[in-house]
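Convention: sequence-line order gives letters A, B, ...; per-chain numbering from 1.
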There are 2 protein chains.
Amino acid sequence: MPAAGRTWAGTTLTDRKAARRRQLLDAGLDLLGTGGSGAVSVRAVCRHARLTERYFYENFADRDELILAVYEGVVAEAHQALLDAVTAGTEGTAEPRVRAEAAVTAFVELIIDDPRKGNVLLLAPLTDPALSRRGVERVPMFAELVREQLSDSLDEGERAMTATALVGGLTNLFTAYLGGTLHVGRERLVAHCVRLVLSSAGYPAPHS
Amino acid sequence: MPAAGRTWAGTTLTDRKAARRRQLLDAGLDLLGTGGSGAVSVRAVCRHARLTERYFYENFADRDELILAVYEGVVAEAHQALLDAVTAGTEGTAEPRVRAEAAVTAFVELIIDDPRKGNVLLLAPLTDPALSRRGVERVPMFAELVREQLSDSLDEGERAMTATALVGGLTNLFTAYLGGTLHVGRERLVAHCVRLVLSSAGYPAPHS
DNA sequence: CTAGCCTGACAACGGTCGTAGTCAGTTTGC
DNA sequence: GCAAACTGACTACGACCGTTGTCAGGCTAG
């Protein structure tokens with residue numbers, strides 16, 4: 001019976017286990033977000049985290065479980081950032097343009113601040129079998145944003161197609177921007193994305 | 001000095017070499033288009049093609065070269081199918097709606113007819129390092145189609161963003177349809193894509 | 001018939017991988 | 001001081017990998 005409360009070097013086993021989990025997740029994010037799917041093996045993660053493989057299995061059943069945990073962690077963080085931005089920048093107003101702009105700006109800032117997270121959100125659901133096999137959504141927070149704005153007059157099929165096209169469009173824009181193949185300034189990117197969101201939601205697109 | 005004209009079992013070395021190349025490309029398409037990137041190794045391809053590894057190196061320097069060749073083969077085929085459809089269905093007319101509809105219909109038919117090719121065109125450029133490292137374009141024929149329709153009043157940045165968003169939208173729709181997560185009929189998908197192409201190109205979207 | 005090309009079926013080398021076990025040394029509460 | 005928990009550093013096994021070479025047998029033009 002392991003003594004969870006017993007201290008070792010000043011910490012309990014529970015805390016050490018949690019710390020090791022954190023290290024592994026950080027290593028996972030580092031590798032997945034920079035080297036891509038193929039760079040993430042159990043051994044590579046452990047090497048990166050400077051832990052022996054036996055500690056990997058202390059926290060995760062297998063590689064899939066780690067990948068999923070990394071992804072979900074980044075999604076939660078992005079979701080929170082968008083929520084905060086939409087709440088703070090709009091002061092509770094429901095004006096779609098303002099909300100969309102706050103959301104897009106927050107997302108672009110997040111991926112610029114840490115491109116690894118952008119790669120995890122935008123590419124890993126397609127590139128990593130652990131995620132693609134599950135059919136996980138890319139940038140679920142945006143899919144959600146447009147779904148809640150769509151006109152009630154659209155049937156399920158139209159809503160699905162509209163949301164699918166929007167997510168595809170946005171992710172491709174973000175990916176291109178992050179990859180340095182889209183040579184526009186940040187403000188213009190944000191403006192274009194906002195227009196895309198609004199026009200998908202059926203609002204008239206203002207022309208700049 | 002190998003005798004290229006010398007016959008063996010009725011064929012020349014040149015012909016046998018070409019036949020083996022065909023077999024390897026077919027195996028590559030099979031594996032990449034069904035099992036995804038991770039299913040394609042030199043050994044796996046050779047096993048699938050029922051050839052020994054030494055024949056792999058007769059035609060390809062490495063795995064990357066095979067992947068690229070498979071991809072380019074499918075692109076060329078899709079490009080030709082779209083060209084034929086646009087030419088045949090429009091009888092030389094320049095009406096954007098008709099052309100877009102012919103192109104989209106031809107593409108959807110191609111990927112339904114052979115989902116492996118859809119997967120290669122839509123996913124491999126992102127999922128396989130051999131292609132993603134090169135930054136190869138997804139569905140280049142569509143990027144081209146919209147670029148040539150874009151208003152001249154748009155600057156380079158707007159054109160790039162518009163094309164990027166469209167390609168992202170289209171590929172996401174096709175991918176979802178191919179993966180069985182988009183539950184709409186083919187005609188509705190085609191109609192939606194046509195609307196997307198036309199609205200991206202600045203044409204008023206007719207409402208159904 | 002024969003020498004040389006060609007083929008298929010390996011073997012070999014060095015590498016990585018996932019997973020699990022062992023062992024010696026360290027730490028800790030009693 | 002001691003038994004037990006804990007740690008770090010391995011080892012081990014079986015699997016797959018990329019690439020290259022070898023060998024015995026088959027085929028062919030001269």
B:N172 side chain near A:R138 side chain, heavy-atom distance below 4.5 Å: yes
Whole-Å distance separating the CZ atom of A:F60 from the P atom of C:dA20: 16 Å
Touch class at under 4.0 angstrom, heavy-atom based, for B:R50 against every strand present: nothing
Pair B:E158 + A:R195, salt bridge at N-O below 4.0 Å: yes
Residue pairs fulfilling ring-ring contact (aromatic ring centres under 6.0 Å, His included) with at least one residue in residues 107-145 of chain B, sequence neighbours excluded: B:F107-B:F142, B:F107-B:F174, B:F142-B:F174
Along DNA chain C (nearest heavy atom to each residue), the more 5'-positioned of A:V40 and B:E58: B:E58
Side-chain donor/acceptor pairs under 3.5 Å, residues 36-43 of chain A, sequence neighbours excluded:
residue : atom : partner : partner atom : Å
A:S37   : OG   : A:D128  : OD2          : 2.6
A:S41   : OG   : A:A44   : N            : 3.0

Whole angstrom value for the distance that separates P of D:dG18 from CG of B:L66: 11 Å
Rounded distance in Å - NE2 (B:H48) to P (D:dC16): 17 Å
Side-chain N,O (B:S41) to OP1/OP2 (D:dC17) below 4.0 Å: yes
Under 4.0 Å protein heavy-atom contact, by nucleotide of nucleotides 19-30 of chain D - B base, S sugar-phosphate only: BB-----BBBS-
Nearest-Å distance for atom pair CZ/P, residues B:R16 and C:dG8: 9 Å
N/O (side chain, B:Y55) to phosphate O (OP1/OP2, C:dC6) under 4.0 Å: no
Interatomic distance, A:L131 atom CG to A:L123 atom CG [nearest 0.5 angstrom]: 11.5 Å
Any side-chain heavy-atom pair of B:T34 and B:N119 under 4.5 Å: no
For atom CD of A:Q23 and atom C1' of D:dG8, their distance in whole Å: 13 Å
